[in-house]
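Residue numbering restarts at 1 for every chain, and letters A, B, ... go by the order of the sequence lines. Computed from a predicted model, the values in this text were never measured in an experiment.
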Amino acid sequence: MSKWYPKQGRVILHVDMNSFYASVEMAYDPKLKGKPLAIAGNPEERRGIIVTSSYEAREKGVKTTMPLWEARKLCPDLVVMRPNFERYRSASKSMFKILSDITPFVQPVSIDEGYMDITDCESLGSPIFIAETIQKRIKSELDLPCSIGIAPNKFLAKMASDMKKPMGITILRKRDLDEKLWPLPVGEMYGIGKKTADKLNNLKIFTIKDLVEADSYQLKRVLGINGERLQNRANGIDPSPVDPDAIYDFKSIGSSETLPHDTTDESEIKKLMRHLVRNVTRRLKRKQAVGRNIQVMIRFHNRKTITRSIKLPDYIEEEEDIFSVSYDLFNQNWNGEAIRLLGVTVQDIAEKKDVAQQLDLFTYEKDASKEKLYEAIDKLTDKYGENPFKTFKYEDDQEQPRTSFQKDFLDDYKQ
Amino acid sequence: MKFVIQRDQLMDSVQHVMKAISSRTTIPILTGLKIEAKDDGVKLTGSDSDISIESFIPKEEDGIINVEQIEPGSIVLQAKYFPDIVRKLPQKTVEIESDDHLKVTIRSGSAEFHLNGQDADEYPQLAQLHTEDSFEIPIDLLKNLIKQTVFAVSTVETRPILTGVNMKVEDNHLDFIATDSHRLASRKIPLEKSSSQLKFSNVVIPGKSLNELNKILDDTHDNIEVSVTENQILFRTKNLYFLSRLLDGNYPETSRLIPEQSKTIVYGNTKELLNSIDRASLLAKESRNNVVRLQTKENNQIEITSNSPEVGKVVEELTAKSIEGEELKISFSAKYMMDALKVVENEQVKIEFTGAMRPFIIRPIDNDNVLQLILPVRTY
């Protein structure tokens with residue numbers, strides 16, 4: 001029995017890439033190293049906000065989501081680049097590949113961070129040694145910096161990786177909590193956003209220690225079930241497992257975009273809607289999924305935002321169908337006021353293989369023409385078990401996803 | 001305006017015209033109900049501009065007096081209150097009177113309501129249809145045509161034309177067709193004499209209109225007159241005038257999509273099959289798609305199964321009267337199948353299949369003029 005591994009309990013790593021997009025650009029073009037670098041949405045338009053920036057830029061006060069003009073004022077020699085999602089995606093894929101060389105229990109959370117459960121990796125060395133190995137490999141093979149947290153659960157590992165950046169390795173044990181975790185303001189805690197922090201502050205809860213000592217009944221009343229969960233986490237309790245498949249549990253796929261200027265121009269709105277639907281459809285196809293709830297979000301010039309959705313009798317997946325439903329929904333709910341942002345989300349999503357396809361009177365000939373093929377597949381399936389054939393996945397990697405929240409490009413890191 | 005009227009007669013008429021009145025209309029006065037007293041009786045009107053209904057209560061019918069003491073005139077009353085008032089009045093007769101200031105008094109027994117009316121001159125004139133394109137059919141037959149088809153209209157607006165029933169008249173036959181593109185219902189009847197020159201194919205009546213019409217019409221052998229213009233259709237009986245907007249656009253040609261040859265034919269008892277599908281769908285209902293599977297077996301056996309991984313599964317075998325042709329395994333929506341079987345109106349049903357990926361046809365065994373078609377479900 002190794003002294004490094006607990007008899008009971010787990011060892012969890014949280015690997016967090018440091019200013020990922022900027023670091024990838026620097027690895028791609030080493031001349032950028034040491035320069036203040038920012039990645040911004042669309043440099044020339046209003047939606048040009050900072051997506052991420054290098055540590056050199058952060059030192060000057062440049063922050064994520066800051067408008068570009070403000071960042072330039074703080075840091076006149078700022079190098080600004082558009083995002084190259086294809087590069088980030090491929091770097092991310094290589095990074096997760098390195099993690100999965102250690103253990104299959106890797107749970108990607110987003111393009112640049114993931115959890116690992118290394119409880120059973122004793123044979124590979126101590127947790128610190130494993131973390132160092134990972135950090136070194138990512139640095140030497142991909143030229144990318146990362147921080148790693150080591151802890152008995154996901155929450156603490158996440159908090160730990162945040163404590164030392166860049167290129168840090170931090171161990172957070174339960175016995176370290178009152179020294180390392182509890183003095184932090186509650187807003188620093190993972191899972192507590194601005195709104196929750198405000199609510200907690202109203203209850204005179206300012207530090208994580210205050211949260212630990214707070215009345216759990218009162219917490220529950222203000223924050224619901226989440227209050228209990230947050231208090232447990234503050235106490236170092238987080239039973240959630242490292243779930244490699246969590247990333248595949250998706251319930252909705254959406255895309256939204258701010259217009260360069262407020263508009264009432266129907267053709268411009270229609271064009272944006274078409275563009276959003278195209279994004280959504282592409283991602284839906286990549287997932288081999290279908291959906292039967294469509295939601296449209298409209299943000300008006302005065303920031304007032306409405307979301308409206310419609311439940312469909314059948315699952316849909318084609319761009320034309322999603323577009324016609326979305327555009328109808330938009331027209332039914334648009335009061336003609338100038339619009340700033342538009343969003344389209346497909347909800348109530350299911351994987352195609354779990355859904356039966358209702359054939360359509362006007363298109364069944366097309367499906368029926370494949371009947372012989374399907375029959376043959378059925379026969380082979382009976383004989384060999386699960387469908388031995390798969391249709392080729394829809395792939396269109398030239399197009400770039402637009403938000404950093406997309407997880408679907410992690411789908412294939414294992415393949 | 002003034003009259004004294006039998007409350008039950010008035011209530012019937014009010015309920016009829018209320019079918020056309022919507023509280024959400026762009027023309028405010030249409031939230032009201034128009035009452036018009038003439039020497040020969042009282043006429044009520046309701047409209048939401050898609051559907052307009054007039055119901056006439058004759059002064060005297062078959063020797064029974066319905067309305068008395070008529071002083072001609074007209075008024076529009078708030079439809080929100082009037083029906084409930086009439087329903088709850090204490091006596092068999094009601095007196096309704098309006099003055100020059102549009103104040104309306106409703107008396108029955110010792111109850112007296114005073115309501116503010118609106119000027120009937122502001123109520124839109126209903127379009128008078130001038131058309132030669134009309135024919136007559138018995139009311140009970142029309143109700144049957146509606147019942148056997150209207151359930152199959154589309155309930156979503158993705159293809160608006162499919163929310164209506166296509167009415168065709170051709171070669172002295174009247175044909176109702178409805179499809180939501182997943183199933184299709186059609187019923188054809190021969191028309192009586194004198195309509196041989198009549199021909200139209202692109203008349204599409206909103207499903208909602210037909211549903212309302214079906215509710216209003218009593219099941220009688222009396223004739224109803226159906227007249228069609230470019231954008232409206234009128235159904236007229238002695239005391240009822242039901243006008244509906246028609247749907248714009250071309251109804252898709254469906255006849256060529258209906259398979260003419262079949263590979264497997266199942267003859268069976270309608271009720272037994274319906275009950276069996278109903279049972280199988282108990283488990284399927286809650287899952288993603290209410291799908292059941294039908295498989296033909298030896299010795300005229302049919303197996304109906306349904307499997308919802310999270311709930312459980314059900315298997316049932318029933319004996320068909322006979323099975324002809326190839327073996328078959330097919331999945332379909334239990335709901336569509338039950339909808340179709342419910343309107344077969346015959347103890348015996350004939351189902352013609354043309355393969356697991358093609359539409360199948362359900363008909364009563366003795367009547368080719370009723371056709372229910374269902375598109376199967378492809379399970380991946």
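Atom CG of A:L361 and atom OG1 of B:T254 lie 7.0 Å apart (nearest 0.5 Å). Taking CG of A:D360 as the start and NE2 of B:H182 as the end, the distance is 5.0 Å to the nearest 0.5 Å.
Counting heavy-atom neighbours within 6.0 Å of B:Q301 CD, excluding the residue itself, gives a total above 12. The number of heavy-atom neighbours closer than 6.0 Å to CD of B:E260, taken from other residues, nucleotides and ligands shown, is 12 or below. The number of heavy-atom neighbours closer than 6.0 Å to CD of B:E324, taken from other residues, nucleotides and ligands shown, is above 12. Around atom CZ of A:F105, no more than 12 heavy atoms belonging to other residues, nucleotides or ligands sit under 6.0 Å away. Within 6.0 Å of CG in B:D248 there are 12 or fewer heavy atoms belonging to other residues, nucleotides or ligands. No more than 12 heavy atoms of other residues, nucleotides or ligands sit less than 6.0 Å from atom NZ of B:K188.
Taking chain B as the reference chain and counting heavy-atom pairs below 4.5 Å, the highest number among A:L359, A:L312, A:V325, A:T363 is found for A:L359. Across B:S331, B:P376, B:P252, the residue that shares the most heavy-atom pairs under 4.5 angstrom with chain A is B:P376.
Interface remark: B:F332 contributes no atoms to any contact with chain A (heavy atom separation under 4.5 Å). Within the 4.5 angstrom heavy-atom criterion, no atom of B:R256 approaches chain A. For a residue to count as touching a neighbouring chain, one of its non-hydrogen atoms must lie under 4.5 Å from one of that chain's; by this rule B:I374 does not touch chain A. Contacts between A:D328 and chain B at a heavy-atom distance below 4.5 Å involve the side chain alone, from C-beta outward.
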Walk me through it: do B:V156 and A:I310 pass the test side-chain contact (heavy atoms from CB on, under 4.5 Å)?
-> CA-CA 10 Å; B:V156 288; A:I310 182 168; 5.9 Å; no

side-chain contact (heavy atoms from CB on, under 4.5 Å) assessment of A:E365 paired with B:R358 = CA-CA 8 Å; A:E365 294 281 1; B:R358 290 172 184 278; 3.4 Å; yes

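Taking the side chain as every heavy atom from C-beta outward, B:M357 and A:Y364 never approach each other to under 4.5 Å.
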